[in-house]
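Indexing begins at 1, ligand by ligand and atom by atom, following the structure's order. Keep in mind the model is a prediction, meaning the values are calculated, not measured. Any value given below was found using the heavy atoms of this structure, including those in side chains, with hydrogens, waters and symmetry copies removed.
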Amino acid sequence: MNYVSTRGAGPASLDEALRKGIASDGGLFLPDKLPSFDISDFDTGESIPEVAAILLRPFFAGSELLGDIDQILAETFKFPILTKALPVAGHDLSMLQLYHGPTAAFKDVGAGFLAACLSRLEGDTGSPLTILVATSGDTGAAVAAAFDQRPGMRVAVLFPDGRVSERQEQQLCCWSDNVLSMKVRGSFDDCQSLVKAAMADQDLTMIHRFSSANSINIGRLLPQSTYYAHSSLRHYRRTGNKPGFIIPTGNLGNALACIMTREMGLPVGPIVLATNANKTIAEYFETLKWLPRDSVQTLASAMDVGDPSNMERLRKLIGEADILRGRLVVASVSDKEIETAIRQDFEAFGVATCPHTATATHTWRQLDADVARAHDWIIVATAHPAKFEMIVEPLIGQSVPVPAELAAILSRPATAVAIEPHLEALAAALGNN
Ligand SMILES: *Cc1c(COP(=O)(O)O)cnc(C)c1O
């Protein structure tokens, strides 16, 4: 299988696309042709790793990693992906909980898979690869956890000082020697600019062998399609219906994986994107004009994206807004509505939801009654509520039990170096490798 840039460059192998992260012309990698499947192709697949191995095999054609797929998937799915039925009379509604991994958000799946691939391709060569990642919280934690203690791999996580929650900061700063946590005196945008500046610097790149693990790497996108394949197959086998998915959406990586899964022939029904007050996608569907902008801060902070980078992939794969809006629905949810939804979820379902997941439950409640009844629906739950306890607990009036893995992380010693938002400061903190 070949991978081509959304802007035309290519073709590259999977291994090159994984290593480079972004194409040489600044575009994002996409497979040149999506494989297509019959539902019966999955007859021998029951568990997630089994379904994933069937789904992802064509994407590994020609890769050095082809023979390692089963092990890569076993490493990726060390934690369960759970489906929980939600009690609502007259509806088949359930929740796909993607948050039982080490850092309690769905990003653990993509980060774990990428780490398993990259450490096989690049690991232990004598001069370590340095993964640079700018984060507003969840991404950096997932990447740090995934690369922690991997031989030949080093991670530098850059996060904005004072702008992540206490628990998020702990999750960014509690790892082994191969993870450098850097608290940048600036904003998330400053962190991102620093990463870009470092990757553009020839001398630094020579010394440190930079690579990036941000959400545009194809190695984060591919594994996300596996839980949609598994979940839709399971539902279809049980009911004969193709379930609809409602997906909390920011940079559009998770939702894009679901769309790709449906394109490949899996039994996925309607797809609804739930966004927060950042309305770039919603307005694009309405006005047909793509107008990226600065993000606004919301309670669902991991979805505060004003210029969702995966839209470039979606437009290439499916088409422009006039076509897209026939295939997808987009909703925008305010902070007030998020708060109401967290309360209602707890009362009606007995389940605590994080602010991101609450955009999806709110969107389900807002569906046209006929649409709601015409399909079975699966709410995608992207983070554990205990990760956002400062928001969730006052709303539901009780404490959210902390899952064991998160508790273990929260009890570790944590350290970070504080740096000014300048390239020299970053270079000094990286040392001489
Ligand atoms: C990253 C994140 C999202 C948004 O996912 P995208 O792939 O960027 O659309 C939603 N919820 C949580 C908890 C996240 O960490």
No-hydrogen, no-angle side-chain donor-acceptor test under 3.5 Å, N217 and R220: no
Between N254 and Y227, a side-chain donor and acceptor under 3.5 Å: yes
Side chains of Y284 and E320, donor plus acceptor under 3.5 Å: yes
Close residues, ligand 1: non-hydrogen atom nearer than 4.0 Å: F106, K107, D138, T249, G250, N251, L252, G253, N254, A302, M303, H356, T382, A383
Residues Q149 and S176: side-chain donor-acceptor under 3.5 angstrom: yes
Flag for T340-E337: side-chain donor and acceptor within less than 3.5 Å: no
Donor-acceptor under 3.5 Å (S301 side chain, T298 main chain): no
